[in-house]
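Here the structure comes first, spelled out in structure tokens, and everything after it is commentary.
Predicted, not measured: the structure shown is a model, and the values here were computed from it. Values reported hereafter were calculated over all heavy atoms of this structure, with side chains retained and with hydrogens, waters and symmetry mates removed.
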There are 2 protein chains.
Amino acid sequence: MNIADVDTPAVLIDLDRVEANLKRTQDYADAHGVRLRPHIKTHKLPRFAKRQIELGAIGITVQKLGEAEVMADAGIADIFLPYNILGASKLARLQALNERVTIRVTADSAETVAGLSEAFAGAEKPLEVLVECDTGMGRCGVQSPQAAVELAKVIAGSPGLSFAGLMTYPAAGKYAEAARWLAEGKRLLEEAGLPAKIISNGGTPDLWHAHEAEVATEHRPGTYIYMDRYQVEKGVATLDDCALTVIATVVSRPTETRAVIDAGSKALTSDTLGLTGFGHVLGYPGAVITSLSEEHGTIDLSASDKKPKIGEKLRIVPNHCCVVSNLFDVVNLTQGEAVVETVPVAARGRVD
Amino acid sequence: MNIADVDTPAVLIDLDRVEANLKRTQDYADAHGVRLRPHIKTHKLPRFAKRQIELGAIGITVQKLGEAEVMADAGIADIFLPYNILGASKLARLQALNERVTIRVTADSAETVAGLSEAFAGAEKPLEVLVECDTGMGRCGVQSPQAAVELAKVIAGSPGLSFAGLMTYPAAGKYAEAARWLAEGKRLLEEAGLPAKIISNGGTPDLWHAHEAEVATEHRPGTYIYMDRYQVEKGVATLDDCALTVIATVVSRPTETRAVIDAGSKALTSDTLGLTGFGHVLGYPGAVITSLSEEHGTIDLSASDKKPKIGEKLRIVPNHCCVVSNLFDVVNLTQGEAVVETVPVAARGRVD
């Protein structure tokens with residue numbers, strides 16, 4: 001099948017660009033002595049997780065137990081789940097994972113640590129726990145390096161648990177600040193006799209600066225495999241690096257300056273990540289996707305000399321590719337103009 | 001199982017509220033001689049579509065061929081698909097549907113009509129086509145009542161097709177304007193000897209004004225079955241009418257005024273529909289869900305005297321319930337505090 005024959009809306013994944021993105025990043029990491037632990041939330045596909053490891057990644061990152069289970073089933077042996085795992089059901093799943101793979105989690109409170117310890121107190125293999133650090137993101141995490149040390153002590157003193165280090169997701173524009181935070185945490189941990197084995201850092205926005213945070217022992221980019229409009233806008237990638245596109249059909253041309261496509265928020269997501277518009281229409285640089293309803297995307301063509309026709313298929317680089325992966329049951333793997341395989345998104349919809 | 005035992009994040013559907021919402025709306029419709037054709041994109045569940053029809057709905061509305069197929073498989077016999085259907089693959093699926101149920105579609109261009117006619121020219125049963133009208137929404141639709149008549153003539157003159165009427169989705173605050181537009185279209189169609197059998201109107205935002213658009217022969221509310229924060233903000237419903245909630249766990253309390261829950265954009269959606277915040281936290285009226293990443297929701301508690309604890313489960317009325325239905329493989333049907341059944345969302349993820 002050719003790309004032109006794909007029923008719309010659908011996701012296309014350019015395999016050559018995937019490989020180029022993975023290699024370029026691994027080469028950069030190797031050249032700088034940076035260890036990669038890619039976040040698979042972006043692709044949710046065991047085959048790409050395996051390829052990342054083949055190329056040199058030290059393991060993977062997941063965001064949900066369900067994602068970890070899919071990846072463990074596929075043979076991935078080293079998984080980091082940077083999340084506070086709470087509640088009997090989730091703790092039982094975590095125990096089962098810990099028995100068959102290397103899995104590490106994070107905690108940012110004594111409450112989370114107490115729950116983990118209760119679940120793992122009798123386990124043969126202790127659970128490795130990192131302290132999540134809020135270095136400026138304003139989401140989860142202890143609020144200071146001192147607080148990190150205090151929680152590390154609680155972990156180290158809890159039956160069934162082993163303190164493994166620090167983890168952060170740096171806020172946009174605060175990468176250097178995050179590194180200083182982590183360095184101070186590392187120093188205080190050493191003083192306290194609890195050296196951090198792992199200091200886990202960053203994502204794709206800071207990818208090419210990973211080596212500047214010398215304190216980190218690993219970096220966790222996710223989006224880099226596909227790239228997207230947000231990363232292009234931030235200068236991390238070019239449009240030609242973007243491996244994931246949504247293919248859509250122009251279903252209406254109600255006016256001279258308006259086109260409507262059959263990809264709405266169910267295909268492109270409402271995520272703007274602060275950008276204007278809901279994606280980049282390839283070949284129509286002046287076109288702006290001004291609004292999405294669930295099954296319609298409305299495009300303003302006022303600034304586009306070229307106007308697409310009804311029935312024409314457009315390819316769109318979404319603002320945020322990770323979220324798109326979660327919206328489609330299958331993705332189409334392409335090489336050149338050919339669809340070489342249509343595969344289920346194995347870890348899609350793993351909400352818990 | 002009790003609601004308190006549901007693993008999070010998850011969707012809870014209060015069956016008593018569903019029934020009350022359906023009955024209240026059908027009673028209103030019956031009292032005013034309004035015919036309902038509910039949009040099932042909100043629930044995507046055959047059982048609720050059947051209940052809507054049992055209570056008096058004249059058929060259902062869907063937005064995708066895939067949704068129509070799921071509903072036809074479940075025995076729903078009268079389906080409206082207000083969309084421009086284009087391309088060989090989709091037209092073949094539409095033909096198959098037309099052979100087994102009553103299905104109608106819309107068109108807003110001669111191109112769409114030409115494609116439909118080519119597919120249905122040899123069919124035993126002509127396809128009924130309505131003209132989609134842009135009465136102010138700025139999405140699909142012909143731009144004037146005169147243009148509607150011109151397209152109606154094209155449909156009526158096309159082999160395999162039968163002109164069935166007009167359809168619109170009125171823009172917010174333009175309900176009366178839309179009714180005037182449709183009335184003018186109706187008049188011009190009668191003058192042209194092409195009376196509109198069906199004039200299909202509106203959604204949930206205009207639900208309680210449906211009877212004011214006397215020109216309409218049917219109304220297509222979707223959200224009314226569950227209601228959501230947007231409809232509450234618009235005065236269409238109260239919080240006590242909201243049947244769909246997302247249950248989430250507080251996984252972090254990094255600061256005195258911040259809570260983080262395990263429901264992010266993968267559970268609550270990034271849809272704001274113009275509202276501030278990403279949902280209403282029941283029992284915490286001062287709490288504001290200020291940001292979502294995929295697996296985290298960040299709540300500002302500055303204006304909330306009550307502060308939830310780590311491990312506490314919160315129930316959230318999302319901004320836009322239809323989109324939430326599409327994010328979960330299953331939903332939990334509840335009565336009081338009991339989960340009575342967990343069911344797959346049959347028409348979830350039908351992107352084409």
What part of [X] lies closer than 4.5 angstrom to a heavy atom of chain B: side chain, backbone, both or neither?
X	answer
Thr269(A)	neither
Ile261(A)	backbone
Leu327(A)	both
Arg258(A)	side chain
Val330(A)	neither
Gln143(A)	side chain

May I ask you to name which of [options] has the most heavy-atom pairs under 4.5 Å with chain B?
options	answer
Ser265(A), Ser293(A), Pro254(A)	Pro254(A)
Gly311(A), Gly349(A), Gly138(A)	Gly138(A)
Ala267(A), Ala263(A), Ser89(A), Gly264(A)	Ser89(A)

(request) Give the C-alpha distance, both sets of side-chain angles, the deciding distance and a yes or no for side-chain hydrogen bond (donor to acceptor under 3.5 Å, both in side chains) between Ser252(A) and Asp108(B). (result) CA-CA 7 Å; Ser252(A) 179; Asp108(B) 71 356; 2.4 Å; yes
(message) Go through it in stages, so that I can follow the logic: the residues are Thr135(B) and Thr168(B), the test is side-chain hydrogen bond (donor to acceptor under 3.5 Å, both in side chains), and I'd like the CA-CA distance, side-chain angles, deciding distance and then a yes or no.
(response) CA-CA 7 Å; Thr135(B) 57; Thr168(B) 196; 2.8 Å; yes
Keeping the roles fixed (side chain from [X], backbone from [Y]), state whether a donor-acceptor pair exists under 3.5 Å.
X	Y	answer
Asp352(A)	Lys64(A)	no
Arg229(A)	Gly277(A)	yes
Thr257(B)	Ser302(B)	no
Lys307(B)	Leu301(B)	yes
Asn332(B)	Val11(B)	yes

Which atoms of [X] approach chain A - backbone, side chain, both or neither, heavy atom under 4.5 Å:
X	result
Asp329(B)	side chain
Arg93(B)	side chain
Ile299(B)	neither
Asp271(B)	both
Lys309(B)	neither
Asn326(B)	side chain
Val250(B)	backbone
Val260(B)	side chain

Sort out for me which of [options] touches chain A most, counting heavy-atom pairs under 4.5 Å.
options	answer
Arg348(B), Lys41(B), Arg253(B)	Arg348(B)
Asp262(B), Thr298(B), Leu292(B), Thr290(B)	Asp262(B)
Thr249(B), Asp134(B), Thr8(B)	Thr8(B)
Asn84(B), Val251(B), Leu86(B)	Val251(B)
Glu295(B), Lys90(B), Glu132(B), Gln63(B)	Glu295(B)

(message) Distance check, rounded to the nearest 0.5 Å: Lys44(B) atom NZ versus Arg350(B) atom CZ?
(response)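 So the gap between those two atoms works out to 10.0 Å.
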(request) With rounding to the nearest 0.5 Å, note down the distance linking CG in Leu130(B) to CG in Leu81(B). (result)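 Leu130(B) CG to Leu81(B) CG: 11.0 Å, rounded to 0.5 Å.
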(message) Taking the ring centre of each residue, are His296(B) and Tyr83(A) less than 6.0 Å apart?
(response)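 Yes: the rings meet the under 6.0 Å criterion.
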(request) Going by the side chain to side chain contact (heavy atoms under 4.5 Å, CB included) test, name the single residue among Leu244(A), Ile247(A), Ile289(A) that passes it with Ile316(A). (result)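 Option passing the side chain to side chain contact (heavy atoms under 4.5 Å, CB included) with Ile316(A): Ile289(A).
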(message) Looking at Glu67(B) and Lys266(A), is there a salt bridge between them, counting it only when a charged N and a carboxylate O are closer than 4.0 Å?
(response)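 Between Glu67(B) and Lys266(A) there is a salt bridge, with a charged N closer than 4.0 Å to a carboxylate O.
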(message) With a sphere of 6.0 Å drawn around CD of Gln146(A), does it hold more than 12 non-hydrogen atoms of other residues, nucleotides or ligands?
(response)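 Counting neighbours around CD of Gln146(A), more than 12 heavy atoms of other residues, nucleotides or ligands fall under 6.0 Å, so yes.
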